[in-house]
Every structure is written in structure tokens, then in C-alpha cells.
Amino acid sequence: MNFVIPADVPPRKKDLFEKNSTTISKETDHVFLFSCDQKIEHLHDAFNPENDDIPEEAVDPEHFFKIGSQGRIGALATQLELIARYGAQYPDIPYIAKLNSKTNLIPADQKDPHSQPLWHVKELIQMREKSELKICGVGITVYLGSEFENNMMQFAAKSIFEAHKEGLIAILWMYPRGKAIPDETDAHLIAGAAGAANALGADIVKIKPPSATNEKNEMQALQEVVAAAGNTKVIISGGSKKEPQQFLHTLHEQIHAGGAAGAAVGRNVFQNNLPKAIGMANAISAIVYDNASVEKAMAFVR
Amino acid sequence: MNFVIPADVPPRKKDLFEKNSTTISKETDHVFLFSCDQKIEHLHDAFNPENDDIPEEAVDPEHFFKIGSQGRIGALATQLELIARYGAQYPDIPYIAKLNSKTNLIPADQKDPHSQPLWHVKELIQMREKSELKICGVGITVYLGSEFENNMMQFAAKSIFEAHKEGLIAILWMYPRGKAIPDETDAHLIAGAAGAANALGADIVKIKPPSATNEKNEMQALQEVVAAAGNTKVIISGGSKKEPQQFLHTLHEQIHAGGAAGAAVGRNVFQNNLPKAIGMANAISAIVYDNASVEKAMAFVR
Amino acid sequence: MNFVIPADVPPRKKDLFEKNSTTISKETDHVFLFSCDQKIEHLHDAFNPENDDIPEEAVDPEHFFKIGSQGRIGALATQLELIARYGAQYPDIPYIAKLNSKTNLIPADQKDPHSQPLWHVKELIQMREKSELKICGVGITVYLGSEFENNMMQFAAKSIFEAHKEGLIAILWMYPRGKAIPDETDAHLIAGAAGAANALGADIVKIKPPSATNEKNEMQALQEVVAAAGNTKVIISGGSKKEPQQFLHTLHEQIHAGGAAGAAVGRNVFQNNLPKAIGMANAISAIVYDNASVEKAMAFVR
Amino acid sequence: MNFVIPADVPPRKKDLFEKNSTTISKETDHVFLFSCDQKIEHLHDAFNPENDDIPEEAVDPEHFFKIGSQGRIGALATQLELIARYGAQYPDIPYIAKLNSKTNLIPADQKDPHSQPLWHVKELIQMREKSELKICGVGITVYLGSEFENNMMQFAAKSIFEAHKEGLIAILWMYPRGKAIPDETDAHLIAGAAGAANALGADIVKIKPPSATNEKNEMQALQEVVAAAGNTKVIISGGSKKEPQQFLHTLHEQIHAGGAAGAAVGRNVFQNNLPKAIGMANAISAIVYDNASVEKAMAFVR
Amino acid sequence: MNFVIPADVPPRKKDLFEKNSTTISKETDHVFLFSCDQKIEHLHDAFNPENDDIPEEAVDPEHFFKIGSQGRIGALATQLELIARYGAQYPDIPYIAKLNSKTNLIPADQKDPHSQPLWHVKELIQMREKSELKICGVGITVYLGSEFENNMMQFAAKSIFEAHKEGLIAILWMYPRGKAIPDETDAHLIAGAAGAANALGADIVKIKPPSATNEKNEMQALQEVVAAAGNTKVIISGGSKKEPQQFLHTLHEQIHAGGAAGAAVGRNVFQNNLPKAIGMANAISAIVYDNASVEKAMAFVR
């Protein structure tokens, strides 16, 4: 077992918590989340075939599920109800249910970001029980530094507590953002966000890669973030689409030089046609779970 | 069965969900909603006999129900309590209960639009049980891009979950609107809204027809919206009153060229005297449910 | 029975609903409410003996109850707790319990009007059960067009549903007001408000008399309002004190030419000494319930 | 019995309500509250020995309880939890539990006053049951005219209803205050506030003494306030410290010329050393409860 | 027993309350809290090795727990979920669970400080029961004078009541702060805050050391604060890192000259390597619990 079992997991749920952590970590201490919450977070921007050389088939939300069922991933992370709409067809995918979301329509200078609750752990449990879907955990976004940060911290704290009570893994998307945040990837800020995630009880925290500081390069900065997160695992968000070799190289470094426990990747996977997307998922899994070299992982892409 | 049964419909409610979807789709995979929520949404503007050559009889809310009972429609969609006030007299109409609404009194530049909950699924169920009305589903409006979008997304998510738990169809009115939205019919924006409706769990999403883009004409733009909506059915709002032939021609194109699953039409039906309104309802049903040509459908209007 | 029984009244409460409607309508299809909510709504302005030639005795809240018990009225409408404070002494008066209220202290340009809930149907039922008071229904104010309209519509919708569940009559005070409302008695606006009250489920809507339009005189304007309200009864607020003959003449016209179902009158009754106030109540009842002429009604005043 | 028993007191609680009213009125129809909520309302300003010649011993909150147990008072009114901290040592004092409070830190022009709920009747009942303290009633402050007046009216209405349900006396601190209130002691405004307290269901309303008007002197103004309050008893707040003879003279006039039912006095009592404070309490009680003359009451002070 | 048992502790929980107070006071009437809530309150600023000569090992949240288990402390005070993440490994440390928190990201002039609830006593109890951790009490921060002070006072009041109901000690972090507070350490203001904590029911109040006034030096000012707090114990926050001898000297004075009941110290302990941190903890405990002189306490540091 490579996950700490926190004290708010009741004794009779410890086996389930362990099973869920084993599922998404494939019995390692690493995790690869396939991030698929962009249908609300980015609306059409992440799918528009007129942009960025995205294939037509990526527009269909089912594209996520085809990749998730045919490619090798730790878990597919998306809004609870997207799981509801496709889960019966894809019952074998391990899922992480995102519980809050916002669109990208309101500009930062109009209103600080606020990701309000859409669902609660209670609803997840009701749905899991009636459908027997493999939902292993929950995801919640917190925009630290937003004028609404406390609403989101409150929802995060509550959801983590409820998730642990049910033996579910709790993952925070921890993003400093808002009028008070001049630099969202400042290394000390990201380290603080990771530490806050630990104090909020997260099993895993997803962050953006921290920038280099005057004294530390990017990977040393990441080490500091990982240290600040304590016994919460740090996974790195994949961000916008990059050249595969370069993307995998960075990922390999984040794990081996930076100490990250894995990655949460969306666009770099699904903004490809199905075979290429499956290849990318498999390449990422090779690095995250099998300690593969970049060269070896690239074999899945070609 | 032409509707996906989402995973949050419990096994013992699947038959009811199927019955409700069969009722409003008349055993096709298409839907025609008769939209009658304007008594709150437009106040007197949609009924004022001094405007637009609206007949006196349209002022009476019972006009909706006369049309709904004598004309051919999929379901009459209106506020829960308007159903309560006329339902006992018109028990055979299939209904969709709108759960939120706002008036048109507050100008856009004074306050972003906010459609707050008026009723919940719980009350619908209580009323259905004691009255045996044929309420098949719920409708919720979400103004994406409004500063209050998250309140509405939250209510939509909650209502959809509760509706499915009771075997009801869930329909979202998905309208980008507010200070942050310069163009409410931008095709990519509407596609994003349709995708968000899918991630929120809607069975059907009602949208305004998207505008043409630089690269796509209106019907191609609609195809993209339909693709983005995944397994959520897209129906098009009828908007303000048009010449019948032109209206039916556009509707026919939206379905056959654009891939829409139907329409939600109000003013183009009820802003007519009863016989003409019934004719329009029948003409729309012919196109939506029977694959009739515009010419054939026009026979009901003349 | 002259009231529609809406579908949210459960079968076992239909008799009570009918009894309550029969009580306040005196077995006609008309209603006269004695409006007594000014102790909060107007504070001292409606009672100040230094104003408008108001008698000293009107300052005492018991004045309402003396009039209500000795004069002929449909029901005395006031805040739930004012009923609690005097009801045991005046158990034979039929009451309508106002559930929300605000004072008149905050100027319109400081903050849009917001009448927040003070009590709920649940508390009314508890009180009625332990005291055996004759509470026949509830009253809720909605300021349409206020930035808080949706809070009030939400409370109205909820209260109406709960009232009907308990066999109580639901009455809306429907007043367009706020920065977005340039003309509070615009006929189309009032018609819209009446239609919205119908869609919110009100059995009775209280409005201010609509102004004449370019095309219609005041009574024709009122007819349009009555038509827009559908099967919701329209009653007219009495407003500030007028000369009795003139007041009764207008009331007679509103009913016979305008189609109103009655009136809600406060100041024109209670801003008189007890005998004169009783006379006014009796005169109004003669017109509302007995189809008396103005001349005949004036006999009660002299 | 000199108190009205309102209709929301259930039959099985009428004895308790009567007992509580008898306790605080000492079987008269008058009331003297010893007001001790300044530890939150005024913070250190009412206790600072550097001010106003306040003795060192007044700083200790126990000073309230020493006075309350050794002096003659109707009830000691303070925050629920201050009762919790000293009540076990002083179980024989009758208490009124203040349920809401605010500090004096935020200036009027920064934000209108808002006294939010700190406790509810439910908690009072739980505490009373486990400790057997003599808690006779509740106190709630309402700042009429504040932009938050409706929140406070709502809490007042709810607390009064719940208090009556449990046989407790309900007292409102009714203070017009905020940007919309140019003159907090305007006689008509105070009369309106007293009338609103009656409509909210208060058994007793505490007000500041109204100013004279053009037509009435201070005591005539108070008579009007008392009339407007109907069957709610009016008690006058003592305000800042005055010379004892002058203070008692005013109190005597307020009762005998103005018609007040008593007073709520804090600083004029506790800003003295213990013997003098007990003397003041006894002097006030002599006037309030025994119809003593000022001269006779002054014997307790000297 | 050196703690008052307040009246809201039910009889069957008095033993537990006494046990908890004995644990954190080590059978004296003094308390030393090891403050470890900075992972959220200060984010990375209190841990950044690039600052203030903080050792690398302090970045790891486990550093708190190593110190807490090997050093001598009254209790380790930190967020509930940080206890959840490390408590199973460190079951012998007595804990105080902080229930609310905020980050330091939003500048004072952007928004007044607001520490919203993250957890409630209910969750603490659930966790304690399933894990058998030694959680002795709760901590809540209140920013008096903030525009949100009442939300925090409300949460404090509720949490204190619930904590006492469960036999837990309740501690308030009482910090005047916000646009309305020009001087956060003004002695009268701090005295007022301590008095308010007493009226809110706190067993212990943590304050910043008050500044000298024109008439009193710092220790006399503290005496006034202690007097104003009544039977609530006053402990002083340690603040930013100082030279050990100077820090311990001040602490000794605060207790012996100022009358404080102890201290809550974080950075002056944990911003050291483990052996030095343990030494500081032991030195502080010697002064707080054993009446040791500064010289004797310094033996632990060297």
C-alpha cells in the first residue's frame, strides 16, 4: 500500500480506500489521471476543429470514453454527470468524479473565479450503488487567492471528509488565481498551495508546474513543492498540447528529477485521433507506472 | 428506445424513464416541445394584443392548454404552478415542468441574468402523485456566462440528478447571456453550451440556432453543436413569430441538414387564434415526428 | 364553488380549501380583504394622528381587530404575529396571514425593495392548530423588477405550494417596483404581473389599478389585466384615503366595468373612527358581495 | 396576569409563559431589565477605567452577576454564553438571553449595522435543560432602516415564534439606525418601530426615549409610542451614565407621564462600584415595581 | 480543576471536559499551545527555506508532528484534516482542531478578512470516534472589526456551544483586523476582544500582545486585557521568530507581570531544526507549566 490512510477513513472503509488507491495507482505509488472536465471548464475551446489541428472526432464527448476504455490510464476524471451519461456503456473504466466546475466565459477582471459545487459525495454514492460503476474518488477545484477561495476551501474540506468516510480517494485541483495573484506559477505560491492541500486533507494534489526561481531551476522548484505537500501526492497538469516527445520528456523529468507522483493529462491525449490518443495514454502510463524511459514510451506514440 | 438511460436513473425507475421519453418523442428519436413559460419570462410582451397582431384570446393562459389538448405536441413546457392551475381540466396533455424562471424587467446592463429556483423535483413528485397529471420531465434555464452561471449550473445539476432518480426526463434551456457575452449566437459558444449541457447530464438541450461562422454556414454550424452535445439531444428554440412557411422551412433544415432532434416552439404557435395555432402545432409535429416535407406540413396551416 | 382548486391541493385537503374560499368570498366569486399590514409596511405614517386627519384611536393596533370583528369583511390580512397577539381576543375574524414584509425606511435609490420571509406556512399551521384561529390563507408580496425579485418569486412559489398542500388560499401582492421600473402602474406591466401571479400559482392577485394607455381607458386596461390573470382572481388595492363616495364609485367601476373580483382596502377603512370605519367596511362589502349600487352602499357610510 | 398570552404559545406552555412573565415583572405589569450585553456591543468602551470614572472592578464580567444576585432586578439580560460562563455560580438570577449581537467597530458610513444570530432558541432550551438556569426569555436586536433590516426582522420573527413555543418571553431591542436614518430618536420613527415590534410578535419592546416633536413634548411623544405598540410593553433604554437623581427622575416621568412599562438599564448601574451599583438597581426597582417616588428611590442610592 | 465548567457542558460530559482541560494544562492553570495552522494561514511564507534562515526540514508538515511528539507541549493546534493525515502515526499528541482558516493571499485593501468554516464539531466527533485520536478541543479564528465579523462570531458561538456539548475545550483566536481597524494591537481594543471572547463562551482566548498606552506599559495593558476576559484564560501569540532568550524573557513577563495564562507559539518553535525545536518547546513548557525562570528555561535551548 503506497497511500497514507487518513484518520477520517472509518475502519470498515479502509479496505475500500486501499482498493481504490491500488486501482488508480496500479499498485505503484504513482498516478496518471486522464483529465476530461473541459466540456465545462473550456467549453468548445478544447474541442473546436477549427483550432489547433484538433480532429473532428474529438468533438464527441464519447471520444474521452473510447480512449479511457482502450488506452491504459489510472482513472478518467470528469464531471459526475458525464460519467452518468456514458458510464453504462463503459463500465470498466475507473473514474474520478469532479464535483465542481465553472466555464471560462467570465473574464478575470470582471469577477474572481468561483467553482461552485455541482454535486456532493452523497449523490456519487447513490449513483455508484445503483449503477455499479467503478468510481474511485472525487475531484474538487480550489482557486486559492480568489475572493471566493473560502467557499471553495469549504467545499473541498467537506467533500474530502465525506469522500474519506466512504472510502474514496480525494484529489484537489489547486490553482492560485484571481486579482490578487500576479503570477500563477510562482514556485513558492505553488508550494504553499500544495501545503494547503495537505492541510485540507487531500490524498493527491494536482498543480501546474512551478516556474524556476532565482535560486532554483524548475525541477528544484518542483522538489520544494513536493516537500511542502508532505504525505499528499503531487501530480502535474499536462496543460495545452505539445509535441509528444517534448511532453513525455518533461513528464519524465517531473517524476524523476522533480519528485512528482505522476500527471493529470487531458488535451495532450484527447486532441488526437483515437489511435494516436491511445498511444499517448499508453506512453504516459509507461512513464508514470513502469518507470519507462522517454525513448521506450515514445514507442507507443509512433 | 431512442434515449440513453443515464446511470443515475435507478433500475426500478428505468421503465418510467423509458415511458416518459417515449411519450414526448412519440416513439421516434425526435421531440417537439410546446414552450409556454412566457407568462413569467416575457410578462405581457408575448401576449399584448396591441403588439404584433396577436389575437385577444392569446392573452388568456388557458389558450396554451386549449392548443396543447387539441393540437399535436410532444409536451407542453411551462412553470410547475401553471400546470397546477389548469392541469385538472387538461389531464391528458404531457407536461414538462419548468422549475426556474425570471422576468424580463431588469436590463442586461443593470444586473446579469439570474433564473432562481422556484420549485424542486420533490414538489413536482408530490403534485404528480396527488393529481395523476402526466408530467414527463423538468426544464431548467442556465444563462452561461452570467455572473450567476454557477448558481444556475448548480441548480441544473441538482435537478437533473433528482429528476433521473424519479424517472423523469431532464431538459436544459442553455442560453449564453450577460455582460461577458458579446454574441449570444456565436456557433462555437453554442457548441460549448451544448457540450456543457451534456456534462451536466441533460437528456435534451434547448438552444438558439447558431450563426454561421467564417468557415461554416448555419446548418454546418448546427452540426458542430449537435456533435458537441454527444448523447444529449439538441432542440432548437423557435424564437419570435415568423411567416409559417419560412418558419417550417427553417425547422425542416435544422433537422435534416443540421441534425437537430426537434424544436421548442412557443410564440410561432400561440400567437395565433386557436384553429391556426392548432394547425401550426400539427405542422411542426408532422416535420418533427413524421419526417413530413414542408409542403406536406403546410397543409395543416392552410 | 367559485374558485379553481389547483392540482397541488391534495384530495384530502380539497374540502378545507373550498371552505376557506367560501369563507373569504361569502359564497360569491368576489373577495374583500381588509388590509392591515401597515404597522410594518408604512410604520407610523399610516397611523400618525398629526397626519391626514387620522383619529387618535387608529394608532392602537387593536383598532384593526375591532373593525374586523364588528364590520363586514372577507378576511383581515395582516402579519402572522399580529394575528398571534390579538387573535385569542378576536377568534371569529377570518384571517389571511402575511408571511413577508419590509419597512418603508430605505429609499428606492439606495436599494431595490426586498420583502424577506418572516414566517412560513409551517409556522402558520402550528399556530392555527394550537389556537383554533380561522386562518384561511396566506399573503406574500413580490416586487417584480426589483433586483431581488427572484428571491421573492422563490418565496412566493414555495409558500403557494405549501399553502395549497394545507388547503389554504394563496394571495400575491404583485407590485412592480425598483430602479428598473419607471412607471409602476403601466397597464401592460400590471397585466404582466397578473399573468406572472397566475404562473406562480396564486389564487388571488392584488394589484394597483392600472393607468389608461393610448388605446384603452382605465377600465379597459383593467379588463386586459383580468384577462392576463387567467383563472387567478384580480383584486384592487385601495391605496391612500379618498372621499368615501368617490372611493366607492371607483370600486364599483373596477368590478362592473373592469372585471375585478374585489378589493383589498386598508387606509380608506381604518383611518376613520370605529363607527365610520365599520360603515366603510360594510359599504365595501355591499358592493363586493351584494352587487349593491354606490348609492345603496353609501347608506352604510352616512 | 399582566401579560397577553399570544396565540403562538401552545396550551401546555401557557403556565410556563405566565411564570416567566410573573418572574420578570414581579407580579406587576412593569419590567426592569439589567442590560449587560456591552461586552460585545461596546467592547471595552463601557468598561475602560480610563474613561468616565469607571471603577476598576467593572472591567470584570463577573461584576454584572454580583450586582444581579445582590441587587433587585427583573432579569439580567446578556449574551447566552455569558450566562453559560457564570450561571452555575449565580443560579438564582432570572436571565434574558440575548441571541444576536455585533461590535461597535465598523463605522456607520462603512456598512449599515447588522446584528447576526449567534444562538437560537433551540440552544437556549438545551442549555436550560441541562443546567436548570432560570432563563425566562430571549432578546433580539433589530436595526430598522439598516440595509440588513430584513435579515434581523426575519431572525426576530423566527426567534419570537420559537420562544413562544417554549413558553419564553420575547423582547425586541428596536433601534432605527443606518444610512437611511437621519434622526434615530425621531418620535414618529420610534412609534413606528414600536408598532413593528408588535406586528413581529414581541411581548416587550426596548426603545430609546423619543425626542419631542413640534406638537408634543417628550412625554407626550412617548405616549404616542406606547399607543402604537398596542399590547406590547414598552421599556426605555437607560443610555450612558447620568447623575442618579436626574436619571431616576427621568425614569419616573417615563413611567408615570409617558406610560412606559419600565426600563432596561446597564451603564447607569454597573459603571459604579458594587455597593453603589446595587443601590442603583434597588432604586430603579423601587420606581419600576413599587411606584416609589424619586425621593424614596434615592434613599437606596445614598 | 483550574477551568470553569460552563453551563452548556452537559452533566454527562463534565468528566471529559475536565480531562481535556487537565491534559492541555498539565494539571496547572496554564496552557501552551503549539500553533501549527500556518500551512493554510501563511502558505509557504512560514516554511520557505529561502527566508529567515528556516531549515529545509521545516518544509515538511510532518516536522510539526515530530516536534509535538518528542517535545513537551500542551497541545498541537492545527487544521482538523492535517490531524487526519498524520494523527494515525502520532496518536499520543494532544490535539486542538482548528475549524476555520484562510490564506494570506488577498490584500487587506481588496477585501476584509473572512475565515470561513471548513469543518464542524460534528465531523471532529466522527473522526475522533473512529480513530481514537486525543483531540481535546477546537480553535476558531474571529477577525473582529472585519466586515465579515458577524459570520465569524456566529461560527464561533455555534462551535463553542457544540464543543461544550461534547466535552471539548473551545479556544478563540481573537484578532481585530480589517479596514475599520487602524491599530491591531491597541490595548483597549484587545481588551474588548478578550471580553467579547468571554461573552461568546470561549474557555481560552488567544490574542496578540497589546501595545503600551499613554497611561500603562505593556504589562499593565495586558493586565487590563486579562481582567476584561473574566473567567476566560488569556494566552499570547508568539508571532514571528525572535532570538530565544528575548522570546522567553517576554513570555515570562507576560505570565508573571501581565497575568497571561500561557502562550500559543508556532514559528519560534518550528522554524528550527528538530533538536532545537524540541528544546524551544521544552523551554516554553518549563516557563508556562513549571514556573521556571528564563535562565532555567534557556538550559533546554542551549
Side-chain angles (χ1 to χ4, degrees), chain D residues 36-51 56-65 78-89 91 98-107 110-111 114-120 123-124 126-133 135 148, chain E residues 4-13 112 142 144-158 160-162 164-165 170 176 178-181 186-203 213-216 223-232:
Chain D
C36 302
D37 62 352
Q38 296 84 352
K39 282 278 163 184
I40 293 180
E41 299 290 341
H42 296 196
L43 293 175
H44 205 49
D45 295 353
F47 308 97
N48 185 350
E50 295 179 20
N51 293 347
E56 289 277 351
E57 69 197 275
V59 174
D60 184 351
E62 193 172 351
H63 190 55
F64 296 149
F65 295 83
T78 190
Q79 286 85 13
L80 179 75
E81 278 286 336
L82 200 63
I83 303 174
R85 292 209 70 76
Y86 291 93
Q89 279 173 269
K98 269 298 292 291
L99 300 183
N100 64 352
S101 270
K102 57 176 274 300
T103 72
N104 57 359
L105 292 173
I106 300 177
Q110 182 181 340
K111 189 186 162 195
H114 187 187
S115 194
Q116 269 190 12
L118 297 175
W119 304 280
H120 299 82
E123 285 142 8
L124 183 161
Q126 288 180 11
M127 189 173 91
R128 193 185 58 184
E129 276 166 10
K130 55 200 182 205
S131 65
E132 298 184 358
L133 293 175
I135 307 180
F148 306 98
Chain E
V4 170
I5 303 186
D8 54 349
V9 175
R12 65 191 168 80
K13 293 286 181 180
D112 263 12
V142 175
L144 273 199
S146 158
E147 291 181 1
F148 307 98
E149 74 167 24
N150 274 351
N151 294 88
M152 291 176 275
M153 292 214 304
Q154 189 171 42
F155 182 60
K158 181 188 164 67
I160 289 169
F161 191 89
E162 295 299 325
H164 286 168
K165 215 163 126 181
K179 280 185 278 291
I181 305 298
D186 175 87
H188 302 316
L189 180 59
I190 302 256
N198 184 246
L200 288 166
D203 302 297
T213 69
N214 287 339
E215 312 201 0
K216 295 184 175 178
Q223 284 170 14
E224 191 174 315
V225 170
V226 169
N231 62 12
T232 295

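A note on names: the letters A, B, ... follow the listed sequences, proteins ahead of strands, and every chain is numbered from 1. Keep in mind that the numbers below use all heavy atoms, side chains included, and drop hydrogens, waters and symmetry copies.
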_Selection from D:Q38, D:Q116, D:E56, D:M127 maximising heavy-atom pairs under 4.5 Å formed with chain E_ = D:Q116
_I need the residue from D:P107, D:A88, D:P117 with the largest number of non-hydrogen atom pairs under 4.5 Å to chain E._
D:P117
Structural part of [X] lying under 4.5 Å from a heavy atom of chain D:
{"X": "E:L189", "value": "side chain"}
{"X": "E:N214", "value": "neither"}
{"X": "E:T213", "value": "side chain"}

Grab the two heavy atoms, one from [X] and one from [Y], that are nearest each other, plus how far apart they are.
{"X": "D:S131", "Y": "E:A7", "value": "CB-O, 3.7 Å"}
{"X": "D:K111", "Y": "E:E147", "value": "NZ-O, 2.7 Å"}
{"X": "E:A199", "Y": "D:E81", "value": "O-CB, 3.3 Å"}
{"X": "E:F161", "Y": "D:E123", "value": "CZ-O, 3.3 Å"}
{"X": "E:A196", "Y": "D:L43", "value": "CB-CD2, 3.9 Å"}
{"X": "E:E149", "Y": "D:L105", "value": "OE1-CD1, 4.2 Å"}

Need one label for [X]: side chain, backbone, both or neither, based on atoms under 4.5 Å from any heavy atom in chain E.
{"X": "D:E62", "value": "neither"}
{"X": "D:S115", "value": "backbone"}
{"X": "D:L133", "value": "side chain"}

_I'd like to check D:R85 versus E:D203 (side-chain heavy atoms, cut-off strictly below 4.5 Å). Are they in contact?_
yes
*Chi angles and distances behind the side chain to side chain donor-acceptor pair (under 3.5 Å) call for D:Q110, E:K179*: CA-CA 9 Å; D:Q110 182 181 340; E:K179 280 185 278 291; over 6 Å; no
